[in-house]
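Heads up: the structure comes next, in structure tokens.
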Amino acid sequence: RCGVLLHLIDGTAEDPAESYAIIREELAAYGAGLEDKTELVALNKIDALEPEVLAERQAALAEATGQEVFLLSGVTGKGVATVLDRMLAIMDAARADQAPAVPYSP
């Protein structure tokens, strides 16, 4: 029943791309279609990183995932609203696609 997965990757980890790969392997191993769900990827703990390190890790994670990498800080709240808005948009679009058609009645 999950509409979208949010992968929160620890930005202070040595290799965020490896962390993402581990998550994907675990989802595939679990099965039940989780590995096919729409996903967002976010690099968390950005408040603890120097700008150069942050840019490197974001770029590496984007290359590994092939998608946009959101930047978040749970401590400061930076980026949280942006990710939540994107998640809601994805779920709303999915629900609209699944809504039954209402016949036209003049």
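The analysis underlying the following values was restricted to heavy atoms, covering all of them including side chains, and did not include hydrogens, waters or symmetry mates. Everything numeric in this text was worked out from a predicted model, so none of it was measured.
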Could you tell me the separation between the [atom1] atom of [X] and the [atom2] atom of [Y], rounded to the nearest 0.5 Å?
{"X": "Ile90", "Y": "Arg95", "atom1": "CD1", "atom2": "CZ", "answer": "12.0 Å"}
{"X": "Leu72", "Y": "Leu43", "atom1": "CG", "atom2": "CG", "answer": "8.0 Å"}
{"X": "Leu54", "Y": "Asp47", "atom1": "CG", "atom2": "CG", "answer": "10.0 Å"}
{"X": "Glu25", "Y": "Ile23", "atom1": "CD", "atom2": "CD1", "answer": "10.5 Å"}

Taking all non-hydrogen atoms of both residues, which atom of [X] and which atom of [Y] are closest, and how far apart?
{"X": "Ser19", "Y": "Ile9", "answer": "CB-CG2, 4.0 Å"}
{"X": "Pro16", "Y": "Asp10", "answer": "CG-O, 4.3 Å"}
{"X": "Ala17", "Y": "Ala60", "answer": "CB-O, 4.2 Å"}
{"X": "Ser73", "Y": "Val80", "answer": "O-CG2, 4.0 Å"}

Do the side chains of [Y] and [X] get nearer than 4.5 Å, heavy atoms only?
{"X": "Lys78", "Y": "Leu71", "value": "no"}
{"X": "Thr12", "Y": "Asn44", "value": "no"}
{"X": "Lys45", "Y": "Leu49", "value": "no"}
{"X": "Val41", "Y": "Leu6", "value": "no"}
{"X": "Leu27", "Y": "Leu5", "value": "yes"}
{"X": "Leu61", "Y": "His7", "value": "no"}

*asked:* Please list all pairs meeting salt bridge (Lys or Arg N to Asp or Glu O under 4.0 Å) that have one or both residues in residues 26-36, counting only residues at least two apart or in different chains.
replied: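 Sorted pair list comes back empty.
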*asked:* Let's go through Lys37 and Val4 carefully: what are the C-alpha distance in whole Å and the side-chain angles of both, what is the deciding distance for side chain to side chain contact (heavy atoms under 4.5 Å, CB included) to 0.1 Å, and is it a yes or a no?
replied: CA-CA 6 Å; Lys37 295 279 186 178; Val4 61; over 6 Å; no
*Same apolar cluster: Val75 and Ile46, side chain cutoff 4.5 Å*: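 No.
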*asked:* Please say yes or no: joined through hydrophobic side-chain contacts below 4.5 Å, possibly via intermediate residues, are Phe70 and Met91 part of one cluster?
replied: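 Yes.
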*Can you check whether Val69's main-chain N or O pairs, donor with acceptor, with Gln58's side chain at less than 3.5 Å?*
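Flag set: sc Gln58 to bb Val69 pair under 3.5 Å.
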*Do Glu39 and Tyr20 have side-chain N/O donor and acceptor atoms under 3.5 Å apart?*
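Yes, because at least one side-chain N or O of Glu39 sits under 3.5 Å from a partner of the opposite role on Tyr20.
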